[in-house]
2 protein chains.
Amino acid sequence: MGLRERKKVQTRNALIDAALDLFLTQGYEATTIDQIAAEVDVSPRTFFRYFASKEEVALSLFADSLEIFLGDLAARPDSEPPYTALSQAMRSMVGALQDVDPADAARFVKARELTESTSALLAGQMRLLMENEKRLVAEVARRQGVGADDLLPQFVVSVFTGIGMICFGSGKQHLDVMAKRLEDVLTLADGSFRPGWDLPPADVSPSGDA
Amino acid sequence: MGLRERKKVQTRNALIDAALDLFLTQGYEATTIDQIAAEVDVSPRTFFRYFASKEEVALSLFADSLEIFLGDLAARPDSEPPYTALSQAMRSMVGALQDVDPADAARFVKARELTESTSALLAGQMRLLMENEKRLVAEVARRQGVGADDLLPQFVVSVFTGIGMICFGSGKQHLDVMAKRLEDVLTLADGSFRPGWDLPPADVSPSGDA
DNA sequence: GTAATTTATGTCAGCCCATGACAGATGACA
DNA sequence: TGTCATCTGTCATGGGCTGACATAAATTAC
């Protein structure tokens with residue numbers, strides 16, 4: 001990797017760190033782009049060459065983990081029912097977060113703490129979720145063998161998004177506490193649904209039909 | 001009602017109408033506050049005396065219906081299980097929307113169509129939902145006789161929020177079509193959950209305990 | 001009906017987010 | 001070293017949003 005690329009990664013991380021620290025100490029709205037840029041010794045204009053908006057710098061880590069989740073989901077075998085695949089992908093993503101180096105983990109925890117206390121960022125996080133919801137619905141619909149405009153995949157994804165929000169959204173927790181919370185919510189969900197709720201009804205009787 | 005108040009309501013509605021029309025024809029981002037204000041013959045500064053932001057004017061109707069929903073929920077008898085109360089309150093709210101005068105209904109349909117096609121507004125809608133989620137969780141927890149920090153009420157509310165989003169979020173439909181969609185989703189949900197899923201487990205055996 | 005009070009509105013000035021255009025600096029590569 | 005691509009800084013601009021102050025209008029009191 002060349003010097004140029006290394007510098008870019010460096011600047012990007014420095015901007016994220018400076019932004020998160022300023023956001024957490026002064027508040028998100030009270031912090032200006034100029035302050036973030038000054039902290040990293042770059043021009044304000046350069047900030048916008050790394051992040052499209054003030055919001056993006058705060059949510060970039062969440063966006064990254066969302067991508068990881070989608071990747072993990074695609075890697076689940078087709079034989080798994082949709083909800084199982086979603087749950088396992090979520091476990092896999094949280095596990096991956098625990099494995100990265102401590103600096104990244106610290107950044108992630110900071111970003112989560114910040115998002116939780118800033119309604120504008122909470123909204124942005126939801127926007128990210130919803131922008132990816134189409135992809136999620138399409139994947140679930142594929143596994144169910146129904147159309148993407150069917151209610152069932154939308155329902156499954158919607159329920160699962162709620163589970164994700166509960167996990168990411170409450171309590172100032174470290175990653176391992178978050179992992180435990182995920183298990184708790186998934187256990188609760190398992191007890192709430194009927195078996196096979198995430199699969200389309202078999203409209204033929206088990207032992208043959210016309 | 002005095003002249004002063006009538007004029008305010010008039011101006012407010014005129015601003016909403018002008019904004020929705022401009023948003024729908026030119027797009028949300030492409031429309032400026034100055035244009036909206038000019039359309040109503042009011043100074044741009046006055047716009048911000050009626051709405052705190054460009055987003056608020058587009059979501060004001062949704063915010064209103066959300067308040068109606070919360071009111072309807074509070075009016076449900078305590079004997080109803082949480083999920084039933086939520087569903088009935090939702091039915092009640094959608095019913096109320098169908099009863100208002102056509103001008104208001106037209107505004108609502110416009111606002112919904114607009115929100116659906118504008119990701120910034122979709123995010124704002126979610127923000128509104130989440131800002132009210134605390135109240136919703138508190139109400140559900142009260143009916144369940146558990147603490148508001150318990151997982152169960154959060155789960156129930158989260159699931160229900162998803163149902164609401166499916167209803168409000170897809171298809172350019174009129175109010176009656178939306179009502180039918182609500183019934184469809186609620187039917188699907190009814191078939192997916194185990195009986196009593198929205199109530200805390202009775203941790204005593206039915207015929208006596210210490 | 002007039003005066004005093006309250007309240008809505010217009011004007012002006014300003015901050016901040018965000019973007020386009022251009023020029024200079026710096027790393028990549030032959 | 002010289003050429004090229006790319007990153008960066010500077011400048012200018014538009015639009016969202018807010019505070020301060022003055023004016024105009026409606027409400028209330030007399």
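Below, chain A is the first sequence line, B the second, and so on; all start at residue 1. Since the structure is predicted, the reported quantities are computational estimates derived from the model, not experimental observations.
A/Gln144 CD to A/Glu139 CD: the interatomic distance, rounded to the nearest 0.5 Å, is 10.5 Å. One finds the CZ atom of A/Arg181 at 13.5 Å from the CG atom of A/Asp176 (value rounded to the nearest 0.5 Å). Remark: B/Met165 CE to B/Gln125 CD distance equals 5.0 Å, nearest 0.5 Å. Residue A/Tyr50 holds its OH atom at 11.0 Å from CD1 of A/Ile16, rounded to the nearest 0.5 Å.
A/Gln10 has its CD atom 15 Å from the P atom of D/dC7, to the nearest Å. As rounded to whole Å, 14 Å separates atom P of C/dC12 from atom CG of B/Asp34. Rounding to whole angstrom units, CD of residue B/Glu56 and P of D/dC17 are separated by 10 Å.
Taking the nucleotide of DNA chain D with the nearest heavy atom to each of A/Lys8 and B/Glu29, the more 5' of the two is matched to A/Lys8.
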Using a cutoff of under 3.5 Å, can you pull out all pairs of nitrogen or oxygen atoms linking the protein to nucleotides 26-30 of chain D, with atom names and distances?
residue: D/dA26; atom: N3; partner: B/Arg4; partner atom: NH1; Å: 3.4
residue: D/dT27; atom: OP1; partner: B/Leu3; partner atom: N; Å: 2.8
residue: D/dT27; atom: OP1; partner: B/Arg4; partner atom: N; Å: 3.0

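With ring centers used as reference points, B/Phe62 lies 6.0 Å or more from B/Phe108. For B/Phe193 and A/Trp197, the distance between ring centers is not under 6.0 angstrom.
Side-chain N/O atoms of A/Thr46 and A/Ser43 include a donor and acceptor closer than 3.5 Å.
Note on B/Asp17 versus B/Lys110: no salt bridge recorded, every NZ/NE/NH1/NH2 to OD/OE distance being 4.0 Å or above.
Near DNA chain D, defined here as any heavy-atom distance below 4.0 Å, the residues from residues 35-50 of chain B are B/Arg45, B/Phe48, B/Arg49, listed numerically.
Note on A/Lys54: every side-chain N or O is 4.0 Å or more away from OP1 and OP2 of C/dA18.
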